[in-house]
Structure formats: C-alpha cells, structure tokens
Amino acid sequence: MSEHAETARYKRSRQRERILETLRGTKSHPTAAWVYDELKREFPGLSLGTVYRNLGILKDQGLVRILQSGSTFDRFDADTRAHYHFVCESCGRVDDVDMEVSAELEALAAARLGCSVTGHRLDFFGRCAACAAAAATATPA
Ligand SMILES: [Zn+2]
Ligand SMILES: [Zn+2]
C-alpha cells in the first residue's frame, strides 16, 4: 500500500474512533449532525455524510445502536445494552430510564406467541421535568 493510502486509511479509522468516543461521552442520544458539530474542528475535512457512513459501520459492528423514536432525525446510542428510553414530546430529548429490563414481559409475549422471544424495546413518552415545569408556569392558575 502506498504511503498516501496508508495515511488516508489511518485518518479514516481515527475519525471513526473519535466518533465512537464522542458518542460514548454523552448521554444525550445525539443526532449525526450533533456528532459532526463536535468533531468538525478536530477534523477540518470531515463532512456530515462521513459521520453518517461511520455511524452506519459502527452500527454494523454492534458498537452503536440507532434509536427509532419517531423523530425526524435518527439518534444514536453507544450504550448497546438493553435499556429503556424516555422521549420528551415537547423538546425531543431522549433519556435513559434507570430501571430493570423486564424478563417477565418477554416471557409473557413468548407464551402468547408460542415463539422464542430474544429481546424487546420500550420507549416511554411524555414531558421531561423541564418541559413539565415550563408548561405549569405557562398555564394560568
Ligand atoms: Zn422536554
Ligand atoms: Zn440510551
């Protein structure tokens, strides 16, 4: 491999590493655009398309998962363990829910279906604490 190709390859894997680190460093389940904003100064040649492509590769490698929360933009999570999410319908923020993943629910579904159930996904919806407080003060008593 030529020295140039070697350098380009190194740069690409370095970018992917930093994209993963950036995702691991936040609990906000960010969009690709957010990750791009975080890293564009560090990698002046970086494009949003590159970030998307790398997130896709990381997903295929099982290092990242994509959240389908019904919002316009895909959000990404570097925490690939089974866990639940709360989605604020007012501001769109996505939080982890600190509660045990229910094995009971899977057993129940398995019994109903007569199938082997290997996992489940669960999202809660509502208003986050900040939005609930804002709504409370906006409403005349
Ligand atoms: Zn909110
Ligand atoms: Zn999460």
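Please read all numbers here as calculations on a predicted model, not as lab measurements. Read the numbers this way: they start at 1 and go in the same order the structure lists the ligands and their atoms. Numbering of residues begins at 1 and proceeds along the displayed sequence.
Other residues, nucleotides and ligands place more than 12 heavy atoms under 6.0 Å from the CD atom of Q61. Surrounding CG of D60 are more than 12 heavy atoms belonging to other residues, nucleotides or ligands, all under 6.0 Å away. Around CZ of R14, the count of heavy atoms belonging to other residues, nucleotides or ligands within 6.0 Å exceeds 12.
At a threshold of 4.5 Å between non-hydrogen side-chain atoms, the residues L55 and I66 do not count as touching.
Below 30°, between 30° and 60°, or above 60°: for H120 and Y84 the angle between ring planes is between 30° and 60°, a tilted geometry.
Under the salt bridge (charged side-chain N to carboxylate O under 4.0 Å, His left out) criterion, R18 pairs with E21, E42, not counting sequence neighbours.
The N, O or S atom of H85 with the smallest distance to the Zn ion (ligand 2) is NE2. Looking at D96, its N, O or S atom nearest to the Zn ion (ligand 2) turns out to be OD1.
A donor-acceptor pair shorter than 3.5 Å cannot be found between the side chains of H29 and D79. With no hydrogens or angles considered, no side-chain donor-acceptor pair links D95 and H85 at under 3.5 Å.
Only protein N, O or S atoms were scored, and 4 of them lie under 2.8 Å from the Zn ion (ligand 1).
The nearest N, O or S atom of D95 is not closer to the Zn ion (ligand 2) than 2.8 Å. Among the atoms of D77, an N, O or S atom is found under 2.8 Å from the Zn ion (ligand 2).
Rounding to 10°, one obtains 170° for the angle at the Zn ion (ligand 2) between NE2 (H83) and NE2 (H29).
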